[in-house]
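The block underneath contains the structure these notes are about, expressed in structure tokens.
This structure is a prediction, so every number in the text was calculated from the model and none was measured. Chain A is the first sequence line, chain B the second, and so forth, proteins listed ahead of strands; every chain is numbered from 1.
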Number of protein chains: 2
Amino acid sequence: MTQEEKQTEQIIMDAARKVFQQSGLGGARMQQIADEAGINKALLHYYFRNKKKLFEAVFKEDFNRYMIPLSGILLRETGLTVEERIVTFVQSFIRTLNQHPHLPLFVMHEIASNPNRMLGLVKGGDVFSQVGETGKPEDSESKVFVWQIQEGIDEGRYHSVNPEQFVISIIGMCVYPFVARPIIKFWLKKEDDQFKDFMEDRQREVIDYAFRILIKDYQPYADNHR
Amino acid sequence: MTQEEKQTEQIIMDAARKVFQQSGLGGARMQQIADEAGINKALLHYYFRNKKKLFEAVFKEDFNRYMIPLSGILLRETGLTVEERIVTFVQSFIRTLNQHPHLPLFVMHEIASNPNRMLGLVKGGDVFSQVGETGKPEDSESKVFVWQIQEGIDEGRYHSVNPEQFVISIIGMCVYPFVARPIIKFWLKKEDDQFKDFMEDRQREVIDYAFRILIKDYQPYADNHR
DNA sequence: AAAAGGTTTAACCATTAGGTTAAGCCATGA
DNA sequence: TCATGGCTTAACCTAATGGTTAAACCTTTT
């Protein structure tokens, strides 16, 4: 594959991403994607045989490049304390999504409209590395974080939260504003750049919230924050 | 309008809702809606002149019947304390969405794909009752809650959160699990009814989190919970 | 029994969308 | 200079889709 081909492929995928994110798989029009990419329909089909293939390429790239690594920080990465996980996750998550604000809604919507096919596309289906030695969920790598929290609770350092609920809450606090972005922009009368700033501020705020929920003797503005 | 007409209209709207929620406006097929409703295309167009009109009817009903009243509990209802707002909001919100799990993603996706038109549809556009006497956002009814929190902070009862961030966090903790429902079901290996139970439990958990974030001397399992 | 109104049937139309084809353009590099 | 390969143009095909129409059917009401 030549350099030009790679370039064009990327141009097409970027255009396709934009259109798919706005209209979904069903609503997107190949012509619109071609226009957006500044090329013609013929070339579109020359690179990606058909709409479905193009869509899957885009979806896969998005999911594997962003969703998987990000959730990995919270759930899979080894050698991190709970506190480190939270801080790193929230920061990278919000920072990343600030650059790709439409990602979550796009991914969620398409998964919802066809869970099996979409989740099957992703890295052999092991989104959360569910497969343990015995096949039981307890073996899952994705439960490291859950274990660590349970440990902290048992040792009396943490409040007795339900670890799964806690994880979902953290992710929710980070993701939701992007999902509801148009409403929030409307409600708070914010433009794109103001929304961005708002989300930058949110990093510290969410970390604070998470710590306050979890940690028994938490005092904000300690050097937990950098 | 006769009784039969109302019935049929409702049957159609329920079918349409189902299809729209799964495929979005662009992806939905009129034939599929007719099939789902157990009627024919001709009758579909007899009741709702065209696809757009049908869609708007469904969207409007959803938004006005669920989203507006629910957000009202948190943001507009008068005569409630902050604590009462949070408890009532979280409970009704999760309970309602447990009965309509696809609502949030549907609403959010459609708003995102056409913010102006969609937000314009809703109760004359005043989703958050933004119009105050001077037109400044500060006059908005939707800021009552924000004021109340600010008051609590000033009086030293609450931690000094950013009220807007706090509101979004509460909503996010409630909404996100429904937005990410297929992923969560997959991750936690839950079926529909287990997910429902999980969300029932979540009510108390989220209320706990919210109070712990906000209230300085909060002790869980006090009679804040009923 | 006749009128009325909700509903079906089925044919039909116009448009659009996905996808194909083939001829030709144009820059690079052997 | 000519061949290669990325790319464009534009016509074309087919299937699907939104939407329409008119006649007939059936049940309830008068």
- Task: Classify the ring geometry between B/Phe55 and B/Phe59 as parallel (under 30°), tilted (30 to 60°) or perpendicular (over 60°).
- Result: parallel
- Message: Under 4.0 Å from OP1 or OP2 of D/dC7: is there any side-chain N or O of A/Tyr47 that close?
- Response: yes
- Item | Value rounded to 0.5 Å, distance of CD in A/Glu110 from CZ in A/Phe20 | 8.5 Å
- Any salt bridge between A/Asp197 and A/Lys190, counting N to O under 4.0 Å? no
- Item | Salt bridge flag under 4.0 Å for residues A/Lys196 and A/Asp193 | no
- Distance, rounded to the nearest Å, where A/His45 contributes NE2 and C/dT20 contributes P: 6 Å
- Is any NZ, NE, NH1 or NH2 atom of the basic residue among A/Glu61 and A/Arg65 found under 4.0 Å from an Asp or Glu carboxylate oxygen of the other? yes
- Does anything in residues 21-37 of chain B reach DNA chain D, meaning a heavy atom under 4.0 Å, and if so which residues? B/Ala28, B/Arg29, B/Met30
- Rounded to whole angstrom units, what separation is found between the CG atom of A/Leu43 and the C1' atom of C/dG19? 14 Å
- Item | Pairing residues for B/Glu36 by the salt bridge (charged side-chain N to carboxylate O under 4.0 Å, His left out) criterion, not counting sequence neighbours | B/Lys18
- Does A/Thr8 have a side-chain nitrogen or oxygen under 4.0 Å from the phosphate oxygens OP1 or OP2 of D/dG6? no
- Query: Between A/Asn40 and D/dT8, does any side-chain N or O lie under 4.0 Å from OP1 or OP2?
  - Reply: yes
- Nearest-Å distance for atom pair CD1/P, residues A/Ile39 and D/dT9: 11 Å
- Query: Within less than 4.0 Å of OP1 or OP2 of D/dC7, is there a side-chain N or O belonging to A/Tyr46?
  - Reply: no
- Query: Do A/Arg95 and A/Glu200 meet the salt-bridge criterion of a basic N to acidic O distance under 4.0 Å?
  - Reply: no
- Message: Any donor-acceptor pair, under 3.5 Å, between the side chain of A/Lys41 and the base of C/dG19, if you only look at N and O atoms?
- Response: yes
- Item | Stacked cation flag B/Arg181 on B/Phe195, 6.0 angstrom / 45 deg | yes
Please write out the pairs of protein N or O atoms and N or O atoms of nucleotides 22-27 of chain D separated by less than 3.5 Å, giving the distance to one decimal.
none

- Message: Show, in sequence, the C-alpha distance, side-chain angles and deciding distance for B/Asp35 and B/Gln31, and conclude whether the side-chain hydrogen bond (donor to acceptor under 3.5 Å, both in side chains) test is met.
- Response: CA-CA 6 Å; B/Asp35 292 347; B/Gln31 187 57 56; 3.0 Å; yes
